[in-house]
Each structure stands twice: as C-alpha cells, then as structure tokens.
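Worksheet for the structure shown next.
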Amino acid sequence: MFDQQEAIQQMLAAGASGYILKNSGLNDVKLAIETVMSGEQYFDPSLNLSFLEEEKTVQKKSILSKTEKEILHLISEGKTSSHIAEIRFCSVSTVETHRKNMMRKLDLRGKGELLRYALEKKYDF
C-alpha cells in the first residue's frame, strides 16, 4: 500500500501481519505471503519502521503505575528492596510484588534485567 506511517499504524492496529508497498515486485509479494503464512511478520524492506520501536518504548513507559515508576527510580539508584521498603514506609514483600509486576509488564526476566532497564535510562524519571 502506501509508505505512510499512519497507514502502517492503522493496518497493524487492525491485526495485519505484513505490509508491502503497492509497487512491490512479484518476488516480494510471494516472499511476503510465504512469510506471513509461516506465522511471521513481513514488512517491505524499503519501509522506515523506526517509529515502531519508539512506540514500544512509549508504551512501556506508560504501562507502569506512579508507584512502580518511583520504585524503578530507586532501583536505578542501587537501592535494595529492604531499603526501598524503608523509604516508602511499606513491607519488603510489597516492594517485591511491585518488582514482579514491573518485570511482567516490561517483559523482563529476573531482577538483573530490571536493574539494567532502569540503569540504561530507558525510563524517564
């Protein structure tokens, strides 16, 4: 179809698994069909899809609650769950629950990835 960001976003929101331009060659069309039929996504190689990564980052940032954002900030400062609990006047288990929820929401595995995520400044505090 069209090489327009809005058109691509609308198609993906509608559940499309692939996107090719209307001037694509037959080989590209065939490859796109085969790729999508195998369960993968296909996007025309000439498309600039950098906006999709930006959207994912924005979505991750907006997923967290205010409390989770505050705890993530404290994690980025190297605070332990015990220290965070003291600072926030809550139990260690409450902090651990927030950590688990953040890891689930951000699709991270383990406390190390959560710390790395916080330290890499992927999150604006």
Side-chain angles (χ1 to χ4, degrees):
M1 293 296 298
F2 308 103
D3 183 11
Q4 297 173 345
Q5 180 177 333
E6 186 177 328
I8 296 168
Q9 289 171 315
Q10 288 174 353
M11 295 299 290
L12 291 173
S17 296
Y19 197 93
I20 60 174
L21 299 175
K22 63 182 179 180
N23 61 350
S24 296
L26 288 177
N27 288 335
D28 291 333
V29 174
K30 180 182 176 201
L31 179 60
I33 292 170
E34 291 170 346
T35 302
V36 170
M37 286 187 63
S38 72
E40 298 177 42
Q41 289 187 324
Y42 179 88
F43 295 97
D44 193 286
S46 64
L47 292 172
N48 177 4
L49 300 175
S50 61
F51 69 92
L52 292 177
E53 288 304 315
E54 293 169 13
E55 282 181 1
K56 285 181 186 178
T57 301
V58 169
Q59 287 173 351
K60 281 184 177 182
K61 289 179 183 179
S62 64
I63 288 174
L64 300 181
S65 70
K66 180 181 177 189
T67 299
E68 290 167 340
K69 290 175 187 177
E70 291 170 0
I71 291 173
L72 188 60
H73 178 70
L74 293 170
I75 290 170
S76 74
E77 293 179 347
K79 307 280 192 267
T80 64
S81 292
S82 298
H83 197 188
I84 293 170
E86 289 176 26
I87 293 168
R88 297 192 46 76
F89 303 104
C90 65
S91 70
V92 174
S93 64
T94 299
V95 175
E96 290 297 323
T97 299
H98 283 299
R99 281 182 179 263
K100 289 176 188 174
N101 289 338
M102 285 187 284
M103 289 186 309
R104 179 184 45 80
K105 289 178 178 181
L106 298 171
D107 195 28
L108 302 174
R109 307 284 177 250
K111 291 181 179 180
E113 282 192 30
L114 186 59
L115 176 60
R116 191 168 30 258
Y117 182 83
L119 290 174
E120 289 176 354
K121 302 296 184 199
K122 290 182 181 174
Y123 206 90
D124 293 328
F125 297 110

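These values consider heavy atoms only, across backbone and side chains, with no hydrogens, waters or symmetry-generated copies. A quick note: this is a predicted structure, and the numbers were derived from the prediction, not measured.
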Residue pair [X] / [Y], side-chain heavy-atom distance below 4.5 Å:
X	Y	answer
Tyr117	Ile75	no
Leu106	Glu113	no
Arg88	Thr67	yes
Met102	Leu72	yes

Out of curiosity, [X] [atom1] to [Y] [atom2], how far, rounded to the nearest 0.5 Å?
X	Y	atom1	atom2	value
Ser46	Asn23	OG	CG	7.0 Å
Gln10	Tyr19	CD	OH	9.0 Å
Leu115	Lys79	CG	NZ	12.5 Å
Ile71	Glu68	CD1	CD	7.5 Å
Arg104	Ile63	CZ	CD1	9.5 Å
Glu70	His73	CD	NE2	9.5 Å

Taking all non-hydrogen atoms of both residues, which atom of [X] and which atom of [Y] are closest, and how far apart?
X	Y	answer
Ser24	Asp44	OG-OD2, 2.7 Å
Ser76	Ala118	CB-CB, 3.7 Å
Thr80	Arg99	C-NH2, 4.2 Å
Cys90	Val95	SG-CG2, 3.7 Å
Gln41	Ala16	NE2-O, 4.3 Å
Ile20	Ala32	CG2-CB, 3.6 Å

Any donor and acceptor pair, going by atom type alone, linking the side chain of Glu96 with main-chain N or O of Ser93 inside 3.5 Å?
-> no

Please check if any side-chain donor atom of Thr94 sits under 3.5 Å from a side-chain acceptor atom of Thr97, or the reverse.
-> no

Determine whether the side chains of Thr35 and Glu40 contain a donor N or O and an acceptor N or O closer than 3.5 Å.
-> no

Is any NZ, NE, NH1 or NH2 atom of the basic residue among Arg109 and Asp107 found under 4.0 Å from an Asp or Glu carboxylate oxygen of the other?
-> yes

Common cluster, Leu114/Leu119, ILVMFWY with side-chain heavy-atom separation under 4.5 Å |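 Same cluster: Leu114 reaches Leu119 through Ile, Leu, Val, Met, Phe, Trp or Tyr contacts under 4.5 Å.
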
Same hydrophobic cluster for Ile84 and Val92, using side-chain heavy-atom links shorter than 4.5 Å among ILVMFWY?
-> no

